[in-house]
*Asks:* 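Dumping the structure here so I can ask a few things about it.
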Amino acid sequence: MNAPHPAHAERSDLYQATSPLHLTPLWEVLHSLVPPRPASPCVPALWRYGEVRPHLMRAGELITAAEAVRRVLILENPALRGQSAVTQSLYAGLQLLLPGEIAPSHRHTQTALRFIVEGRGAYTTVDGERSTMHPGDFIITPSWTWHDHGHPGRSCGDARGQEADEPVVWLDGLDIPLVRFFDAGFAEDGSARSQALSRSEGSSFARYGYNMAPLRGDAPFGATSPIFSYPYERSREALHQLERAEPLDPWDGFKLRYINPLTGASPMPTIQPFLQRLPPAFEGRSSRQTDGAVYSVVEGAGTAYVDAPGGPLRFDFEACDHFVVPSWHALRLQSSGGCVLFSFSDRPVQQSLGIHKEERLA
Ligand code: 1HN
């Protein structure tokens, strides 16, 4: 073996002498600080609903929504265990509410989205307005708004029948890691379990959801959409109409982004949700983006091929499965019978910083 370069021993001495002063030589870390391309510590991962659901239902037997406050199994990126993060910037979890339960009112700086996975009969109340949940609905909780969830079941006297007795499960997406990064989070519990209602159900949609808007008044939630619920019925219809009559995109199939109707921008300043239809016999091309994304399979089945540093991965997915594609991991989608995918990412943050990048590969 060669003798160590004389400077190396002296450099070592320097590092040892500077370390107690909390000083670090940049030249030892420069390349990992500014890598030539994104090198996410996150890994691609798939959560099969068939495997997750029994544990979620078991949680429903072991703890009430009231005791848990939010009864959720967090989707943790396998490479970020213990951090409650699905990507470096985003949180995702599956929440269960059973008939007769209430998840009590609170508010926090973190913005949340809900995407309903299964079940009927539950509602969420945001800032005094209730939204009934249906599978496929995308629902927003703006930053610092009071919110509670409830599931009256059949005890409330209406005759909706069997369906109101179902467990309801939804995907929560929050900007928790982002807000934690900024050390900017506040939270507060409500004084009542359920907040008082101040508007009729559907009034925010009536005001803002039909390509019209009130004549006076500011945006009620700043940069966040004034619509609390984007019903699946309507988003699905949009995609199906495009599928019937329009050419598909070779990478995305038919993919639309949800918007804040007052601005045309993302419904939330930190999270952009999307809905995407892959028609039958779809063989998508490969692309990569700097925004890692979480996917919820709404209908149908297909395959996601994700290029990862350790070799390509293949996720065969079906309805209610969830998967995560980290930043700058090329993704290719395929579906023989057709499917619908919901997804969300931190794209609006990256776009506002001017660093978002997408590459569509051959
Ligand atoms: C929260 O408030 C909800 O309101 C869900 O349903 C998940 C995760 C962390 C912190 C707050 C909800 C959450 C959360």
Side-chain angles (χ1 to χ4, degrees), residues 47 52 55-56 59-60 63-77 80-119 121-135 137-152 167-195 197 221 224-225 228-230 267-268 270-271 273 294 296 322 324 342 344 346:
W47 290 266
V52 173
H55 299 296
L56 198 52
I63 190 164
T64 63
E67 190 191 346
V69 181
R70 298 295 186 264
R71 189 203 288 115
V72 177
L73 291 179
I74 303 173
L75 306 181
E76 278 196 325
N77 193 287
L80 304 176
R81 294 309 306 271
Q83 297 183 41
S84 302
V86 68
T87 67
Q88 295 265 73
S89 58
L90 296 171
Y91 160 105
L94 289 170
Q95 181 161 175
L96 169 67
L97 201 63
L98 294 169
E101 289 193 314
I102 286 177
S105 179
H106 70 187
R107 62 177 177 174
H108 38 71
T109 324
Q110 291 81 359
T111 293
L113 70 80
R114 331 274 166 206
F115 187 74
I116 317 309
V117 173
E118 70 157 303
Y123 64 81
T124 184
T125 306
V126 174
D127 192 51
E129 182 178 334
R130 226 173 230 202
S131 296
T132 301
M133 297 174 167
H134 314 90
D137 292 352
F138 151 59
I139 293 176
I140 295 176
T141 306
S143 177
W144 206 239
T145 51
W146 294 109
H147 55 285
D148 47 84
H149 318 303
H151 191 334
V168 174
V169 176
W170 64 85
L171 171 69
D172 288 314
L174 287 91
D175 54 11
I176 287 172
L178 258 178
V179 175
R180 181 166 58 198
F181 175 81
F182 291 118
D183 289 331
F186 293 85
E188 195 179 1
D189 287 328
S191 52
R193 277 198 321 156
S194 305
Q195 66 187 289
L197 302 180
F221 305 104
T224 299
S225 173
F228 296 129
S229 176
Y230 293 67
M268 297 157 287
T270 47
I271 307 177
V294 178
S296 180
H322 293 82
V324 59
F342 173 86
F344 67 93
D346 63 10

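We count ligands from 1, going down the list as the structure has it; atoms in each ligand are counted the same way.
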*Asks:* Do me a favour and list the nearest non-hydrogen protein atom to atom 1 (C) of ligand 1 with residue, atom name and distance?
*Replies:* His108 NE2, 3.7 Å

*Asks:* Below 4.0 angstrom from a heavy atom of Ile176, which ligand 1 atoms are there? Numbered from 1 as shown, please.
*Replies:* 8 (C), 9 (C), 10 (C)

*Asks:* Provide the number and element of each atom of ligand 1 under 4.0 Å from a heavy atom of Arg114.
*Replies:* 3 (C), 4 (O), 5 (C), 6 (O), 12 (C)

*Asks:* Under a 4.0 angstrom heavy-atom cut-off, which atoms of ligand 1 come close to His106?
*Replies:* 1 (C), 2 (O), 4 (O)

*Asks:* Give a yes or no answer on whether the side chain of His149 reaches the backbone of Pro104 with a donor-acceptor pair at less than 3.5 Å.
*Replies:* no

*Asks:* Among all protein heavy atoms, pick out the one at the shortest distance from atom 12 (C) of ligand 1; state its residue, atom name and that distance to 0.1 Å.
*Replies:* Arg70 NE, 2.8 Å

*Asks:* Taking only residues two or more places apart in sequence, or in another chain, which ones meet Arg71 in a salt bridge (Lys or Arg N to Asp or Glu O under 4.0 Å)?
*Replies:* Glu101

*Asks:* Can you tell me which residue and heavy atom of the protein come closest to atom 5 (C) of ligand 1, and the distance to 0.1 Å?
*Replies:* Asp172 OD2, 3.4 Å

*Asks:* Using a strict 4.0 Å cut-off to heavy atoms of His147, name the atoms of ligand 1 that fall inside it.
*Replies:* 2 (O), 4 (O)

*Asks:* Give the numbers and elements of all ligand 1 atoms closer than 4.0 Å to a heavy atom of Gln95.
*Replies:* 5 (C), 6 (O), 12 (C)

*Asks:* Looking only at side chains, do Asp172 and Trp170 share a donor and an acceptor under 3.5 Å apart?
*Replies:* yes

*Asks:* Can you list everything that forms a side chain to side chain contact (heavy atoms under 4.5 Å, CB included) with Glu129? Sequence neighbours excluded, please.
*Replies:* Arg199, Ser203, Ser204, Phe228

